[in-house]
Amino acid sequence: MCGDLRPLQEGEQVVLMGWVNRRRDHGSLIFLDLRDRSGITQVVLDKELSPEAHAKAESARPEYVVACTGTVRLRDASLINPKMDTGAIEIVASEILLLNDAKTPPFSPAEDAIGNEEVRLKYRYLDLRRVEMQKNFRIRHEVARAIRNYLSDNGFLEIETPFMTRSTPEGARDYLVPSRVHAGHFYALPQSPQIFKQILMVSGFDKYFQIARCFRDEDLRADRQPEFTQIDLEMTFPQQGLIFKTVEGFLKAAFKAAGIELEPPFVQMTYDDAIRKYGIDKPDMRLPAMVELTETLTPELREKLRIEPALPVLGFIIPSVGALSGTERKKLLSEVRAGFGDCGLDLLDTERLKTSPDFAPLAGTIAELLAVGAEDLSVVVTPKLGTPPMWNYDPQWIYKRVGQLRLDLAKKYADKHGLFTQTGTAADYKFLWVTDFPMYEWDEEKKVWNAAHHPFTSPHEEDIKTGKLVNDKGAVRALAYDIVLNGTELGSGSIRIHRKDVQAEIFRSLGMSDEEAKERFGFFLDALEYGTPPHGGIALGLDRIVMILAGASSLREVIAFPKTAKAIDLMVDAPTPVSDIQLRDLHLKVNTRT
RNA sequence: GGGGACGUAGCUCAGUUGGUUAGAGCGCUGCCCUGUCACGGCAGAGGUCGCGGGUUCGAGCCCCGUCGUCCCCGCCA
């Protein structure tokens, strides 16, 4: 292959096949860089040595496919190209075959930096020829293979579940598949194999996994595609810790395959702590946590500063930002205030902290609590009295809003603190387990409690016993957990409900009548009655893992044929209208008025 | 559904206050070149300024609408 030859092969007769990466024509001497997925080798065509081959090479152009016969030759010391793996040798061609020509491509796969996303996606086959993309898909393959091997070696059985299944109105919108045989009936593509894998536990496959495609018809983001791949697993008789250990095991194997040595176990943190310290349920642990300063400020000072007593005073630092100019600080402050909806929040940076007569006496203490270094930007947020409706005296609102500010500033000054820069070591990857998620989520619009994870999640035993399920839904903790990497949610899972009575109670608590539950999940409730073992599991986004490992900022970089933000495939041009005949077969009428 | 950025040559982009024939780099085509590796030199081709409408003597530039790509919020059990 084009990337394989080394000085050791000197003198050998070889045949190389690949694409013309670049052609350098010196008249009676032509250099062709031949590329395949293994790398690039320089081929020399000398008019004196092989006039026929040289003549053919004159008409070769970038992306032509050629086969070239020749001899491996060591380059003179002065001609070695240290930038190329094969830079110490070259092929002296005796014969060359132009296997196929190529139109001039809209962009060159030989270039590193490519801009226009639209052109890349339309000519995806050219984009995928680029070294960067080839690298990403090699990582993806190695990671998937390592995970499959690890789970197989640890007693997990890979079992496929249907793509055409039953629509479940909970959660994300379903992609629907109309049935030809049953007029007006639809299959749905799975949002996840959730119910099937639980039924596999009932069936006695005590350790299941699947690298499974999932489909969700929701608006997209850089880290969300309508179809994506999950590493889905489930096991019987698990403690939460056993699932963590399993995931840590396969992630260690996966990262090792990508050249990174992780050291599990990963840090664990409850949901409540995550909100309090980071203001978000998926903390980016590469950055320092927020610190609650409420008690540091004396009651007198808080009163003087008109700080709302029901709300926390929070501080945090962004490291190594350096000195801010007066204008920059002013601009920052006004931006931040605007971002807080002008609701009376005050914000102090390091400079104001030291110079403000109110805070100066405390500056030392605060600096110590926040561990402020000389070049760090420190921020203290003091919620003022006078309550605009948006925060509604809710401390969570403050935690989350300040957490968002922490992330925004960290992003803004990423170049300065460099904490997001990859160094190629395990230190780049800060994993975290977030545990004890709330069981329920209040839907303010519909005025109902929803399942925060999904309705098959088991609540904490003691929260059932203390009656919170009925009296205090907001305080019920679920045996649900997320795994987070560098502020990205990689996956989530839970210990499931394995008893029919508990499951029925949860359905009821979600405002679902017994009849309704039976209609939607009757088959599942039935299954629970036939000796269901305790079970639990988790699902991790393979695409996101690979994205982070590849240092990419969008899933499109690690999915071969991704869709745009409007869920369009620009290469095959999907979706499209279909013929009236197709529609008739499916008993469908399209109403284009909306 | 909402907010923001962008859209000018194949690609990346510049284009002043609205004013003559819309430019650059890369790429492309032709010619020259025996040591290049982002080769070099000379010459040349290449434009529905996303699309539609409006204002104006005159629009790449101003206004309205629309389409597309990207990012964010909502949404994603």
Side-chain angles (χ1 to χ4, degrees), chain A residues 21-35 40-49 54 58-59 61-63 73 75-84 86-88 90 92 103-123 126-127 168-174 191-192 194-195 214-226 228 339 404 407-408 411 437-441 443-445 448-457 478 480 489 492-494 506 510 512 520 539 541 553-554 556 563-566 568 570 594:
Chain A
N21 200 55
R22 281 204 172 80
R23 184 180 68 118
R24 290 177 296 281
D25 186 345
H26 289 241
S28 47
L29 197 64
I30 296 173
F31 299 98
L32 292 182
D33 289 344
L34 223 54
R35 182 194 72 231
I40 294 176
T41 295
Q42 170 168 287
V43 175
V44 191
L45 293 115
D46 193 321
K47 198 170 189 175
E48 284 177 16
L49 294 179
H54 178 270
E58 275 185 325
S59 58
R61 291 292 179 273
E63 302 311 311
R73 178 167 75 188
R75 299 200 201 178
D76 285 347
S78 62
L79 300 178
I80 288 175
N81 183 348
K83 283 185 278 186
M84 292 172 75
T86 61
E90 61 194 0
V92 185
K103 283 168 71 175
T104 300
F107 59 87
S108 167
E111 301 282 334
D112 292 337
I114 298 295
N116 193 334
E117 194 88 20
E118 230 171 313
V119 184
R120 287 181 61 193
L121 289 176
K122 182 168 179 195
Y123 301 93
L126 296 178
D127 191 36
T168 52
E170 284 78 20
R173 260 186 296 272
D174 287 319
Q191 299 171 26
S192 84
Q194 185 61 37
I195 291 186
C214 303
F215 307 85
R216 293 179 189 175
D217 186 4
E218 294 294 343
D219 289 343
L220 309 186
R221 291 280 190 286
D223 61 354
R224 272 164 33 189
Q225 281 275 312
F228 59 99
Q404 186 61 48
L407 283 179
D408 291 345
K411 217 171 167 185
F437 270 74
M439 182 77 188
Y440 301 95
E441 224 167 43
D443 186 331
E444 184 58 39
E445 233 172 77
V448 290
W449 288 98
N450 285 329
H453 183 55
H454 57 58
F456 316 113
T457 301
E489 179 198 319
S492 58
S494 63
I506 296 297
L510 291 166
M512 210 185 294
R520 285 199 204 165
S553 52
S554 162
R556 291 185 301 277
K563 294 179 178 59
T564 68
K566 286 208 173 135
I568 304 250
L570 289 176
T594 43

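Letters A, B, ... mirror the listed sequences (proteins, then strands); counts begin at 1.
- Remark: side-chain polar atoms of A/Arg23 are paired, donor with acceptor, to backbone N or O of A/Glu58 under 3.5 angstrom.
- With hydrogens and angles ignored, a donor-acceptor pair closer than 3.5 Å exists between the side chain of A/Arg224 and the base of B/C75.
- The interatomic distance linking A/Glu218 (CD) with B/G74 (P) rounds to 12 Å, in whole Å.
- Distance check on atom C1': B/U20 versus B/C63 gives 26 Å, rounded to whole Å.
- For the pair A/Glu63 CD and B/C11 P, the computed distance is 16 Å after rounding to whole Å.
- As judged by a 4.0 angstrom heavy-atom cut-off over every strand, A/Ser192 is placed among the base-contacting residues.
- Here A/Asp174 pairs with A/Ser167, A/Gln191 under the side-chain hydrogen bond (donor to acceptor under 3.5 Å, both in side chains) rule; sequence neighbours left out.
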Practice task
Let me have a per-nucleotide readout for nucleotides 31-44 of chain B, 5' to 3', with B, S or -, counting only protein heavy atoms under 4.0 Å.
Solution key: --BBBBBSB-----
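- Side chains of A/Asp223 and A/Phe228 form no contact here, defined as non-hydrogen atoms less than 4.5 Å apart.
- Summarising the geometry, the separation between CG on A/Asp219 and C1' on B/G1 is reported as 8 Å, rounded to the nearest angstrom.
- Salt bridge present: A/Asp33 and A/Arg24 bring a charged side-chain N and a carboxylate O closer than 4.0 Å.
- In this structure, of B/C28, B/C72, B/C71, it is B/C71 that holds the atom nearest to the side chain of A/Ser554.
- Between A/Glu117 and A/Arg556, at least one side-chain nitrogen of the basic residue sits less than 4.0 Å from a carboxylate oxygen of the acidic one, meeting the salt-bridge criterion.
- Across the P atoms, B/G74 and B/C13 are found 30 Å apart, a figure rounded to whole Å.
- Between A/Lys563 and A/Ile568, the closest side-chain pair of non-hydrogen atoms is not below 4.5 Å.
- Taking the C1' atoms as reference points, B/U21 lies 31 Å from B/C67, given to the whole Å.
- As rounded to the nearest Å, B/C33 and B/A38 have P atoms that lie 24 Å from one another.
- Separating the C1' atom of B/G47 from that of B/G10 is a span of 12 Å, rounded to the nearest Å.
- Each of A/Ser553 and A/Gln194 lies near RNA chain B, and the nucleotide nearest A/Ser553 is the one positioned closer to the 5' end.
- With hydrogens and angles ignored, no donor-acceptor pair closer than 3.5 Å exists between the side chain of A/Arg61 and the base of B/G27.
- Residue whose closest nucleotide on RNA chain B sits further toward the 5' end, between A/Asn116 and A/Ala452: A/Asn116.
- Nucleotides B/A43 and B/C26 have their P atoms positioned 14 Å apart, rounded to a whole Å.
- Here, B/G46 and B/U29 have their P atoms 15 Å apart, quoted to the whole Å.
- Between B/C28 and A/Thr104, no contact under 4.0 Å exists linking OP1 or OP2 to a side-chain N or O.
- Taking A/Arg221 as the reference, nothing meets the salt bridge (Lys or Arg N to Asp or Glu O under 4.0 Å) condition, with sequence neighbours excluded.
- Distance OH (A/Tyr123) to P (B/G27): 19 Å, rounded to an integer number of Å.
- Between the C1' atom of B/U69 and the CG atom of A/Leu220 lies a distance of 13 Å, rounded to the nearest Å.
- For the pair A/Glu117 CD and B/U69 P, the computed distance is 11 Å after rounding to whole Å.
- Within the 3.5 Å criterion, the main-chain N or O of A/Ile40 finds a donor-acceptor partner in the side chain of A/Thr86.
- Rounded to whole angstrom, the span from the CD atom of A/Glu489 across to the P atom of B/C75 amounts to 15 Å.
- Distances shorter than 4.0 Å separate none of the side-chain N or O atoms of A/Arg120 from OP1 or OP2 on B/C11.
- Remark: side-chain polar atoms of A/Asp25 are paired, donor with acceptor, to backbone N or O of A/Gly27 under 3.5 angstrom.
- What separates CG of A/Leu126 from P of B/G27 is a distance of 17 Å, to the nearest Å.
- Summarising the base pairing, B/U69 is matched to B/A5 through a Watson-Crick or G-U wobble pair whose two defining distances lie under 3.5 Å.
- Under the side-chain contact (heavy atoms from CB on, under 4.5 Å) criterion, A/Arg173 pairs with A/Asp217, A/Glu218, not counting sequence neighbours.
- Of the P atoms belonging to B/G52 and B/G68, the separation is 16 Å, rounded to the nearest Å.
- Residues passing the side-chain contact (heavy atoms from CB on, under 4.5 Å) test with A/Glu118, sequence neighbours excluded: A/Asn116, A/Leu570.
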Give me the distances for all protein-to-nucleotides 4-10 of chain B N/O pairs that come in under 3.5 Å?
from, atom 1, to, atom 2, distance (Å)
B/G10, O2', A/Pro106, O, 2.8

